[in-house]
Amino acid sequence: MVLTKYIAAALRNAHYEILDGNEGYYGSIPEVPGVWAQAETLEDCRDELSSALEDWLLFSLSQQQPIPVIAGIDLSVREVA
């Protein structure tokens, strides 16, 4: 499925940071500003980031908002004649 491939490609581009004071991890996807996650473990942070991206994608697609192309995958909605 194209959506699954898009999410996997976006997560490969994700950046993760260890938060100060052993507060867990923070993750974001540079191509998708505003999509981020925070969790106690890196694995949980990745799962939360995947979920946040999926929610953002579904909302953006439903509102026909622009979706960034990632790894050549274009999810833009086009009108069909």
Side-chain angles (χ1 to χ4, degrees):
M1 173 179 219
V2 175
L3 189 59
T4 302
K5 288 180 182 180
Y6 184 93
I7 292 171
L11 290 175
R12 282 192 295 274
N13 293 341
H15 291 260
Y16 298 96
E17 300 174 23
I18 299 172
L19 298 173
D20 291 337
N22 286 334
E23 300 258 340
Y25 293 82
Y26 168 84
S28 63
I29 301 168
E31 295 91 347
V32 190
V35 174
W36 59 274
Q38 181 178 344
E40 287 187 25
T41 67
L42 183 57
E43 183 177 334
D44 288 343
C45 187
R46 183 176 166 85
D47 290 344
E48 290 292 325
L49 188 58
S50 177
S51 180
L53 176 59
E54 184 178 334
D55 291 346
W56 181 88
L57 281 170
L58 293 174
F59 176 79
S60 296
L61 288 168
S62 75
Q63 300 298 307
Q64 296 182 350
Q65 295 179 0
I67 306 292
V69 174
I70 296 179
I73 303 169
D74 187 354
L75 297 179
S76 300
V77 176
R78 292 177 182 68
E79 288 189 35
V80 178

Using the rule that two of Ile, Leu, Val, Met, Phe, Trp, Tyr join whenever any of their side-chain heavy atoms come within less than 4.5 Å, decide whether L75 and V35 are in one cluster.
yes

In this structure, would L42 and L53 fall into the same cluster of hydrophobic residues linked by side-chain contacts under 4.5 Å?
yes

What one should report as the nearest heavy-atom pair of Q38 and E23 is NE2-O, 4.2 Å

Can you name the side-chain contact (heavy atoms from CB on, under 4.5 Å) partners of L11, sequence neighbours left out?
I7, Y16, I29, R46, L49, S50

Membership question, hydrophobic clusters at under 4.5 Å side-chain separation (ILVMFWY): are L3 and W56 in the same one?
yes

Beyond-backbone contact of Y25 with I18, side-chain heavy atoms, under 4.5 angstrom:
yes

For the residue pair C45 and G27, what are the closest heavy atoms and their distance?
SG-N, 3.4 Å

Membership question, hydrophobic clusters at under 4.5 Å side-chain separation (ILVMFWY): are F59 and I70 in the same one?
no

Taking the side chain as C-beta and beyond, is there a heavy-atom pair between D55 and S51 under 4.5 Å?
yes

On a heavy-atom basis, which atom in P30 and which in A14 lie closest, and how many Å separate them?
CD-CA, 4.5 Å

Could you give the distance from CD (E40) to CG (L19), rounded to the nearest 0.5 Å?
11.0 Å

Going by side-chain hydrogen bond (donor to acceptor under 3.5 Å, both in side chains), name the pairs with one or both residues in residues 57-75, residues two or more places apart or in two chains.
D74-S76, D74-R78

Considering non-hydrogen atoms only, spot the tightest contact between A52 and W36 and give its length.
CB-O, 3.9 Å

Residues P68 and E31: closest non-hydrogen pair is CG-O, 3.3 Å

